[in-house]
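Down below is the structure, laid out as structure tokens.
Just so it is clear, the values below take in all heavy atoms, side chains as well, and ignore hydrogens, waters and symmetry mates. Residue numbering restarts at 1 for every chain, and letters A, B, ... go by the order of the sequence lines. Predicted model only: the values in this text are computed from it and were never measured.
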Amino acid sequence: MIARRTWVGVGLVAATLAGGVVFVGMRSGGAPSTALDLRGGLLYVDGSGRVRQGDRVGPACHRVDVAAGTLVCLRATALPDQAEVVVSDGSGERLRVTEWGLPSRARVSPTGRLVAWTVFRAGDSYLGGVGTFSTTAGIYDLASGDHYGSLEDFSLVLEGQPHTADDVNYWGVTFARDDVTFYATVRTGESTWLVRGDLRTRTLESVRRNVECPSLSPDGTRIAYKFRTGDTWRLHVLDLASGADVPLADPAHLDDQPQWLDDRTVAYGRDKAVWSVPADGTGSPILVQPDASSPAVPR
Amino acid sequence: MYVSTTRSADAGRPAGRSRHAVPATVVGLGVVSLITDMSAEMVTAVLPLYLVYGLGVGYLQLGAVDGLYTGASAVLRLAGGYLADRLGRPKAVALAGYGLSAVTKLGFPLAGSSLPLIGGLIGVDRAGKGVRTAPRDAMITLATPSEGLGRAFGVHRAMDTAGALLGPLLAFGLLTLLVGDYTAVFAVSFCLGVVAVVVLAVFVRQPAGTVARTRVGLGAGLMLLRGRGLRRTFLVAALLGLFTVGDMFLFVGVQQTAGLPSGALPLLPLATALSFMALATPVGRLADRLGRWRVFLLGHVVLLVAYVLLALALSGWVVAGLVLLAHGVFYACTDGVLMAHAAPLVPEALRATGLAIVQTGQAVARACGAVVFGAVAAGLALSPAFAVLAVALLVAVLVGGAVRS
């Protein structure tokens with residue numbers, strides 16, 4: 001005879017498992033994807049991790065960017081520690097690249113020809129203490145099929161000197177209109193630098209210190225970035241020609257690669273919402289979209 | 001004469017059978033560990049993603065939360081062991097530990113984006129793990145005749161590792177199916193945690209004879225190290241632990257010296273875990289036959305060979321495979337086998353405390369060793385650092401061999 005205790009145990013296990021299955025079942029079946037307008041209005045990633053554009057619901061992504069009809073979607077996959085870059089245009093999927101790491105940044109060049117991504121890796125350093133991290137940034141040329149797997153393969157010149165240290169980390173690529181020039185952040189030693197890269201010569205050259213996650217304005221004259229003071233970041237805009245640098249009107253700590261809505265306005269994600277602020281340091285932040293991140297504007 | 005050997009005969013089944021089958025208590029605890037590890041590893045695997053994309057926490061703060069994971073459970077392991085002996089109820093203490101960890105899974109969605117709360121939850125989860133480990137291992141030793149201890153621990157560790165392998169797959173599968181629904185991952189993790197607690201409470205019998213026990217004082221626990229056998233085990237295990245490189249260093253070493261693409265790095269722990277899982281039981285059985293201390297030392301010799309391969313900087317997938325296989329063999333030879341060796345050296349009344357002391361000594365030494373190796377690797381290159389470590393480990397193994405002969 002089976003003891004009552006056993007029945008109680010079996011009952012409890014069955015009830016717990018059934019509860020779990022019902023809970024998961026209730027949460028499945030999200031909105032089906034609809035076609036996004038890759039030349040239309042603001043895109044963002046909603047709180048549940050889907051790309052949205054007004055009433056339209058796109059694919060599941062952690063970061064999204066769009067330009068000239070090309071959409072890049074960076075997301076974690078069903079395998080632990082793996083990310084994938086999915087590039088699509090009006091006719092469907094163009095490219096899928098698998099990367100090891102967590103999704104961090106994604107960008108498309110203004111012409112839609114180049115895509116870039118940054119993934120974040122923990123535990124990749126020898127003495128990984130608090131606050132240390134490692135990143136890898138890659139670029140893909142959709143026209144030529146060239147795959148620049150990691151900017152660490154490029155040669156780096158810091159203040160005129162070739163730099164060959166092992167501890168370099170790149171992140172936050174942003175493209176100029178010529179599809180050759182790009183900007184990114186490099187960290188080595190205790191310093192971060194804004195670097196200007198050249199895809200043809202595979203070289204990177206430092207422009208200025210303390211510039212993280214650059215984002216080039218549509219007219220190509222200024223760079224919006226986050227400026228680090230201690231453990232907080234604040235948005236700044238740097239004029240490339242004059243070197244003039246202004247803090248924007250949001251003093252709150254934020255961690256994002258900014259996105260230009262137009263030549264006068266910068267958008268960014270902070271506290272699980274998308275905000276915008278004038279690019280000249282005036283005004284005050286405006287809530288663009290609650291429960292959202294990774295803003296992108298088709299141009 | 002080992003106390004548990006004499007007692008195993010009156011465990012309510014023919015004594016002859018227990019020599020051949022792994023006791024039901026051990027299988028039960030294995031099932032509990034399998035389910036709990038699935039539950040725990042689900043959360044560990046998705047936590048960075050959850051913090052960054054579910055909560056919008058930056059990478060800078062992520063490192064601070066990450067730091068909480070390590071080292072939080074060492075002291076509580078001692079406390080859990082002592083409490084189990086003091087109350088004479090290892091199952092009750094283990095249940096409290098498993099229950100504590102299960103409940104924290106519900107806390108994650110409720111904690112919102114408060115980093116201190118999330119850090120606190122991780123701390124409580126680790127505390128639960130610390131508290132339950134020693135009483136659980138004590139239960140394994142109390143349920144098993146001493147000649148079968150190696151195999152019993154092998155079966156338990158194999159099941160435990162299987163859970164750790166399945167957890168992340170389940171979590172990322174759910175996240176893909178439900179598109180970034182972290183709450184569902186935490187809910188499923190919680191359900192699994194509850195199932196493990198129910199299985200432990202209802203289906204796993206506390207080994208007979210462990211309830212009626214005189215209460216032990218704190219002094220008795222500390223006196224354990226006065227016994228020559230346990231003291232030597234403790235000291236040699238700690239010495240060897242000091243020269244055991246942290247897992248992550250070894251994986252980075254494999255990836256770099258063998259010239260693998262960096263994307264292969266997260267897959268390397270899987271290879272070690274698979275090798276550990278497959279070999280834990282046969283190696284445990286071998287330890288019962290050859291002698292557990294001998295196999296424990298042998299495991300470190302295998303690890304030493306892995307260090308030499310890394311120091312020689314041979315490249316290629318085959319070398320990487322050999323090193324990872326050796327790493328898994330090392331775990332199979334040392335993790336459960338050390339407990340199987342230590343258990344008979346500790347009187348039953350202080351079993352959980354004694355095992356906790358040995359585990360904690362080894363864990364603390366390994367943590368120190370990782371720091372030392374990090375410094376050496378930063379000073380030299382990676383390959384010479386492994387050569388230095390191989391020499392140090394060889395000396396430690398020789399000391400370990402001399403101590404027992």
Within the 4.5 Å heavy-atom criterion, are B:Val202 and A:Thr6 side-chain neighbours or not?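 A side-chain contact under 4.5 Å is absent here.
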Flag side-chain contact, heavy atom, 4.5 Å: A:Thr16 against B:Phe190 = no
- Item | B:Ala201 versus chain A, the contacting section by heavy-atom distance below 4.5 Å |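 Backbone only.
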Bottom line for B:Leu270: the part with an atom under 4.5 Å from chain A's heavy atoms is neither
The disulfide (SG to SG under 2.5 Å) partners of B:Cys191 (sequence neighbours excluded) come to none
Output all residues satisfying disulfide (SG to SG under 2.5 Å) with A:Cys213, sequence neighbours left out; order by chain, then residue number.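 A:Cys213 satisfies disulfide (SG to SG under 2.5 Å) with no residue once adjacent residues are dropped.
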Quick check: closest heavy atoms across [X] and [Y], and the distance to 0.1 Å?
{"X": "B:Leu49", "Y": "A:Pro103", "value": "CD2-CD, 4.1 Å"}
{"X": "B:Ala184", "Y": "A:Phe23", "value": "CA-CE2, 3.9 Å"}
{"X": "B:Thr183", "Y": "A:Arg27", "value": "CB-NH2, 3.6 Å"}

By a 4.5 Å heavy-atom criterion (distance strictly below it), what part of [X] contacts chain B: side chain, backbone, both, or neither?
{"X": "A:Gln82", "answer": "side chain"}
{"X": "A:Arg63", "answer": "side chain"}
{"X": "A:Ser293", "answer": "neither"}

Greatest number of non-hydrogen atom pairs under 4.5 angstrom with chain B, of A:Thr77, A:Val8, A:Val45, A:Asp256, falls to A:Thr77
- [ ] Step through the shown structure and confirm whether more than 12 heavy atoms of other residues, nucleotides or ligands are within 6.0 Å of CZ on A:Arg234.
- [x]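 Yes, enclosed.
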TODO: Answer yes or no: does atom CG of A:Asp55 have more than 12 heavy-atom neighbours from other residues, nucleotides or ligands under 6.0 Å?
DONE: no
| message | With chain A as the partner, which of B:Asp181, B:Val188, B:Val194 has the greatest number of non-hydrogen pairs under 4.5 Å? | response |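 Going by pairs under 4.5 Å, I would pick B:Asp181.
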